[in-house]
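The next block holds one structure in the form of structure tokens; read it before the comments.
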Amino acid sequence: MFEEQSRSTYLGAIETLLSVQYSMNVSYTTLVDDIAEDIANGKLKAGDRLPPQRQFAYERGIAASTAARVYAELLRRGLVVGEVGRGTFVAGEVAPVLPALRLEPFDGRIDLEFNFPTLPDQAALIAKSLAAWLRPEKLAPVLAPTTQRRLVEAGRTAAAFFASERWRPRPENFVFAGSGRQSLAAAISTLVPVGGRLGVEAVTYPMIKGIAARLGVTLVPLAMDSEGIRPDALTKAHRASALNAIYIQPVMQNPLGLTMSEARRDEIVRLVRKHELMIIEDLVYGFLSDQVSLAAQAEERVVIVDSLAKRLAPGIAVGFLYVPSAMREKFAATVRTGAWSVTSLALAAGMGLLADGTAAEITRRKRADALVRQAIVAECLAGLRIDADPRSYHVWLHLPEGWRAEALTAAAARAGIAITPASAFAVAHGHSPNAVRLALGLPSHDDLRTALWRLAGLLSHHDASDMTE
């Protein structure tokens, strides 16, 4: 009973905690002012070492790029100095504390951290689709409770939308949630018990770490190569101590941009059948590819996690799972008891956009837009080592000699650009590559080009000795 109560507490709190973490990403000025006050009143003295940025970010529950902006602003005020290889220290002669910074230091901050592909005209397309809701008789049913009948209809709509020559999903196997994160949390909660082990890519979607921690699940990093997790790493980890499931992104992996070959997919499916494991397949970026789900090969072993946030817009808050027939009721119960059910309004909007062709049109345009953005990256960062699927909305930038990921994140923040260091994606602490992820989806094409040229200019200076941690 206690274990069930604890798990319920985990489940009910997770979404609130994640949203709080997101909101804290924009409150770096308060953190700067707090540290400045500690220096002024003597709590922090000249020569005291501040924690590394990634530790600071973890302790405060903020994004790595937000921590970088805090350190950059402290440097701007003259309150700290940075020494490469040693860290960030309170300045020897403490400068007078500047007035609290209430505005962003750069009016034109360019966000290459959060990856929500956005088209200039997508709001107009969505508005056209939802125009009928201006009539009360059309809006009233949308505002009614989400009944089982509506969920069944939504399953039919989703199945028709995702059907292809290679895969025909079953309408009854869809379970709907309030977001992609909720879908992922529900999948882990259903498949992995408290204290269980979930195999994951060694460098992966960072939110998986917070979700697993709050569900009491141990993440087991699996070694990777150019196609994703290595089959031998999966077998070795399972033999060492049995895994309950694995979480993978076989299409346009975030952050590395990898896509599994057919041979690798076959081998992973063979192994999960042999070891009687389940796959949680994250297909959030699958809309940018024609690759079908692993469920087409092994429907009984695969749970698909997806949402409409990136395919359409974050405000279309519909997440969904596609689950094996035998487990459908179990997953539905997890979503209900975890308070992760989709809202009536979001479900109606999402299914309407799938049914009337709007989602297909936005998908088509975003695929074309991603190619343009990747071409801008190739133009601006020519000569640098970049890993990316040319169809994706993110790239993995390996840093040249003389630069560290945290130093570049800080320097980029000072230049008005938010990026994410590799440490945010590494499952094992202290084992992150010297790289950063650049998310391409939010800025306009002109702003993206501006940001990338600024980064190229920073990286052209191989001596980063004036940068903070």
Side-chain angles (χ1 to χ4, degrees), residues 11-12 14-16 18-19 22-23 114 116-163 169-187 283-284 286-287 304-323 328-329 331-366 441:
L11 304 186
I14 184 171
E15 199 61 18
T16 299
L18 294 179
S19 64
Y22 179 87
S23 66
F114 293 103
F116 287 102
T118 305
L119 300 173
D121 58 349
Q122 70 182 38
L125 291 170
I126 294 172
K128 181 179 179 181
S129 176
L130 304 182
W133 288 10
L134 293 175
R135 295 157 54 190
E137 68 273 18
K138 294 293 185 181
L139 183 60
V142 169
L143 300 178
T146 304
T147 63
Q148 183 60 32
R149 178 179 178 180
R150 291 183 65 183
L151 291 173
V152 170
E153 292 173 350
R156 294 194 189 107
T157 300
F161 181 82
F162 291 107
R170 304 169 189 264
E172 63 273 19
N173 289 20
F174 282 92
V175 176
F176 296 92
S179 70
R181 292 178 183 177
Q182 290 182 357
S183 298
L184 179 54
L283 282 182
V284 167
F287 72 96
I304 301 172
V305 172
D306 203 344
S307 80
L308 299 182
K310 299 186 191 299
R311 181 186 294 270
L312 299 179
I316 309 298
V318 179
F320 52 87
L321 303 105
Y322 185 82
V323 306
R328 199 263 174 210
E329 290 308 313
F331 274 91
T334 299
V335 170
R336 287 194 302 271
T337 58
W340 293 325
S341 298
V342 64
T343 67
S344 176
L345 191 68
L347 184 65
M351 294 306 103
L353 292 165
L354 295 187
D356 69 5
T358 303
E361 177 61 16
I362 291 177
T363 297
R364 184 188 67 78
R365 296 190 188 195
K366 284 189 175 181

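Just so it is clear, the values below take in all heavy atoms, side chains as well, and ignore hydrogens, waters and symmetry mates. On a predicted model such as this, the values are computed, not experimentally measured, just so you know.
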Taking the side chain as every heavy atom from C-beta outward, state whether [X] and [Y] have any atom pair closer than 4.5 Å.
X      : Y      : result
Ile362 : Arg311 : no
Phe174 : Leu151 : no
Leu345 : Leu143 : yes

Heavy-atom pair of closest approach, residues [X] and [Y]:
X      : Y      : value
Ala317 : Ala346 : O-CB, 3.4 Å
Trp340 : Gln182 : O-OE1, 3.0 Å
Pro117 : Lys366 : O-NZ, 2.9 Å
Ser341 : Arg336 : OG-CA, 3.9 Å
Pro314 : Phe116 : CG-CD2, 3.5 Å
Ala348 : Val142 : CB-CG1, 3.7 Å

At what distance, to the nearest 0.5 angstrom, does [atom1] of [X] lie from [atom2] of [Y]?
X      : Y      : atom1 : atom2 : result
Glu329 : Thr334 : CD    : OG1   : 11.0 Å
Asp121 : Lys128 : CG    : NZ    : 11.5 Å
Leu130 : Thr358 : CG    : OG1   : 8.0 Å
Phe287 : Phe162 : CZ    : CZ    : 11.0 Å
Arg156 : Glu172 : CZ    : CD    : 9.5 Å
Ser179 : Leu184 : OG    : CG    : 9.0 Å

Checking [X] side chain against [Y] main chain: does a donor-acceptor pair fall under 3.5 Å?
X      : Y      : value
Ser129 : Leu125 : no
Ser344 : Thr146 : no
Arg150 : Leu347 : no

Could you walk me through whether Val335 and Leu321 pass side chain to side chain contact (heavy atoms under 4.5 Å, CB included), step by step?
CA-CA 10 Å; Val335 170; Leu321 303 105; 4.2 Å; yes
Please report the C-alpha distance between Arg328 and Val175 in whole Å, then the side-chain angles of each, then the deciding distance to 0.1 Å, and finally whether the side chain to side chain contact (heavy atoms under 4.5 Å, CB included) criterion is met.
CA-CA 7 Å; Arg328 199 263 174 210; Val175 176; 4.0 Å; yes
